[in-house]
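Worksheet: the structure to be examined is printed underneath.
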Amino acid sequence: MLGDTSFAIHPGKEKKDGAVIYRDIGDLIDFNKEGMTYNFLCSNGNVAVQFYTESIVRVTMNPKKNPVLNQSKAVIVNPQSVAVKEEDTERKLSLKSSEITIHIQKSPFRIMISDSNGRVIVSEDKHGMAYRENGEVIAFKQMYDQDHFYGFGEKSGHLNKRGEKLEMWNTDVYAPHNPETNALYESIPYFMTLRNGKAHGIFFDNTFRTFFDMKSSEENYSFSAEGGQLDYYVMAGPHPKMVLEQYTYLTGRMPLPPKWSLGYHQSRYSYETEAEVRELANNFIEKDIPIDVIHLDIHYMNGYRVFTFDKERFPNPEKLIADLKEMGIRVVPIVDPGVKKDSEYPIYQEGVLEDNFCKYIEGDIYYGDVWPGSSAFPDFTEEKVRKWWGDKHAFYTDLGIEGIWNDMNEPAVFNETKTMDVDVMHRNDGNPTTHRELHNVYGLLMGKATYEGMKENLNGKRPFLLTRAGYAGVQRYGSVWTGDNRSFWEHLQMSLPMVMNLGLSGVAFTGPDVGGFAHDTNAELLTRWTQVGAFTPFFRNHSAIGFRYQEPWQFGEKYEAIMKKYIQMRYEWMPQLYSLFYQASKQGLPVMRPLLMEYPDDVKTYNLNDQFMLGDNIIMAPILQPSVTDRVVYLPDGEWVEYTTGQSFEGNHVHLVHAELEDLPIFVRKGSVLMQGEWNSNQQKETKKLTMKVFASEKEETYRFTFYDDNGETFDYDNGEYVKLELEVHSTGETVNIQVTKEGNFLPAYHEIKIEVVGAEKSVFVNGNVSSVINLLN
Ligand code: MIG
């Protein structure tokens, strides 16, 4: 059947008009192996297959030429040398590693991937890889009745994306985020499929506008891009955690953030003067409400010029920053990419004279309107420009600043398309190409420039970066907030699946604007949102100009007291949180998880949107509606205890729980542990007393946990300056036996960990000896 391989697809299930004509990859003509790469010449294109590890395989199809295999902005590793067994017959070829087998049907060329147990992971049937004359590339895969889809980066709507069509094109969306709002600020063209309790992942590494169609057909789903190659990685799983480890092996993991960035952040568009910022800081101290960070939004600058301070509003930033630091507060200023067109402004002068801005192919600089008016945009795709931009951050670090907030880096422009013209060229480190191709990585590369520049300038201190836009791999540089939400209960509800799906997409350090950005918040909403925020990985209250101020004290003492309690709890839970962030930095696992990640065999968890887990043993069931003080909670297998009341709950059951405004239902799995510090004061946040709570189980249980701590500020952990405890907690009816293996040289302010058994009297043994502490001195 050589040659004649065009087929038509009707968009939408019913529509019969407007068919789209695709060209199938065709038949296999010839193949060879070069190094670690299998090259397939097909009648209508070229395909390369590489094993990255025993359980990760990459498929790249180029319609016109040999696949280009070295242009990824996301993947940071090269293929390992994997022993592959080949089996070649007349109709089929199979390539087999210890974990995966790729079965290739030769005519037409179709790929099926199975695991070592013969379980089908992905397969192609009637349609496989194809493309269109206009440059679009597409892959069709069979969809199974039992398939559930997760991830896709930053998306509104529910957890499970089956029945949705998702678009990736970094977009500034100020209009209310609806369940149908599709392209948002981040593009992470990656998803995880859960089928009968087993998971696998697909990462479509294409920076053009991409689509994932899990909607139009019941037989197959597809992923496609407006241009470029069909370049995707299949991760074999089979556990959801393994999928994420595999995906973050490819795209990298979050460096351990500075501890202060895990605290409470207060922001406003904008705190406009030094006096206002000082008053804000004083309020927190006087009221004993913990705070680590105050953000400075665009009004701190002189006419919105980045790398400047407005000297009238902020006469002495250095002093302000030093004074706040004494109070235990850091300042994080916003930095947008747009550089004001102003020939007397040094950054603009340098940018033009050193040729650092994005240009049209004819050589004219691209100007777009943003806050400063007409502005030029650094070409972050070029190493030289990233270095320039990164170095400029000495302006901030010289003032004592350790964190930066990148906004508008989709890049957002005030025009019809909301962004830069797609025909603007990027230099792309010697491989010039258009904005159409690199739009989705502009934010990622700005993040890279900023993170690396800050790191360089901070002499051994960990930088913090908050970024709005990004692409797969953004976790290597920054944390992500979910952009301009509103003070709607619906947005509080939606933030849970949104943050959970970001977590499933490799980005562990995320959160929404607590209280809601646009629109006026209210006392009850802010209080409930702060309860949730206390346990989301990134915890920042932020609100927009023209709307009600929403600092924790704005609605009177009753609400202030509740919010204060939860913000303080954030700090009491810091040892637990920090250990989970450590896990994220090592394995790529999210801090905040959907239940399906821990209970992939439990179908009741597959689209559970209003509960989440912290690590593997805590379930949060917040109240997400006004005037509601009772809610349904689903607890999966195991036995559970409510954190505040101590009440026991059976797993595998639905419960009705009561929660007054001051209550957040928190369930801890029996037999597991929780590390708890204490709240001292804002100037003295270091925990001196650490307790390990063991939640007693009547049954025999074994629980494992990795506890981690270090100085929270530097990279000295690279030289062994950390303490890591591998804990194995074995509970029986009468005893708790704790096995501890310690690693690292760091001695925290607490010299021991007190063990407290919650819910029963039990004898406690540490490494075989009766003891109620874990001693860290030896
Ligand atoms: O066009 O800097 O999402 O957090 O406060 C709005 C002002 C620009 C959008 C960000 C928001 C920030 C605001 N920015």
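Each ligand, and each atom within it, is numbered from 1 in the order the structure gives. Index from 1, following the sequence.
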### Message
Students should be able to answer this: which protein heavy-atom is nearest to atom 5 (O) of ligand 1, and at what distance?
### Response
Asp297 OD2, 2.5 Å

### Query
So which heavy atom in the protein is nearest atom 4 (O) of ligand 1, and how far is it from that ligand atom?
His542 NE2, 3.0 Å

#### Entry: Atoms in ligand 1 with a heavy atom of Met408 nearer than 4.0 Å
1 (O), 8 (C)

### Summary
Atoms of ligand 1 under 4.0 Å from any heavy atom of Trp481, numbered from 1 in the order shown, are 3 (O), 4 (O), 10 (C)

### Query
Is the distance between the ring centroids of His426 and Phe380 under 6.0 Å?
no

### Message
Against the six-membered ring of Phe208, is Arg436 placed for a cation-pi contact (under 6.0 Å from the centre, within 45° of the normal)?
### Response
no

### Sub-3.5 Å N/O-N/O distance, Arg468 and ligand 1
yes

### Summary
Of all protein heavy atoms, the one nearest atom 10 (C) of ligand 1 is Asp407 OD2, 3.2 Å

### Query
What do we get for Tyr174 next to ligand 1 when only non-hydrogen atoms under 4.0 Å count, side chain, backbone, both or neither?
neither

### Query
Going by the atom numbers of ligand 1, which of them fall below 4.0 Å from some non-hydrogen atom of Asp484?
3 (O), 4 (O), 9 (C), 10 (C), 11 (C)

### Query
Does NZ or CZ of Lys341 come closer than 6.0 Å to the centre of the six-membered ring of Tyr367, within 45° of the ring's axis?
yes

## Note on the structure
Which of Trp388, Tyr300, Tyr396, Tyr348 passes ring pair (Phe, Tyr, Trp, His ring centres under 6.0 Å) with Phe307? Answer is Tyr396

### Task
May I ask you to identify, for Asp172, whether its side chain, its backbone, both or neither come under 4.0 Å of ligand 1 on a heavy-atom basis?
neither

### salt_bridge(Arg462, Glu713) N-O dist < 4.0 Å
no

### Query
Under 4.0 Å from any heavy atom of Ile334, which atoms of ligand 1 are there?
2 (O)

### Task
Quick one: look at Trp405 and ligand 1, take heavy-atom pairs under 4.0 Å, and tell me if it's side chain, backbone, both or neither.
side chain

### Summary
protein heavy-atom neighbour closest to atom 6 (C) of ligand 1 works out as Trp371 CZ2, 3.5 Å

### Message
Can a side-chain donor-acceptor contact be found between His295 and His542 if the only test is distance below 3.5 angstrom?
### Response
no

### Query
Is Lys259 positioned over the aromatic face of Tyr578, cation under 6.0 angstrom from the ring centre and no more than 45 degrees off axis?
yes

### Query
With the threshold set at 4.0 Å, does a side-chain nitrogen-carboxylate oxygen contact exist between Arg468 and Glu186?
no

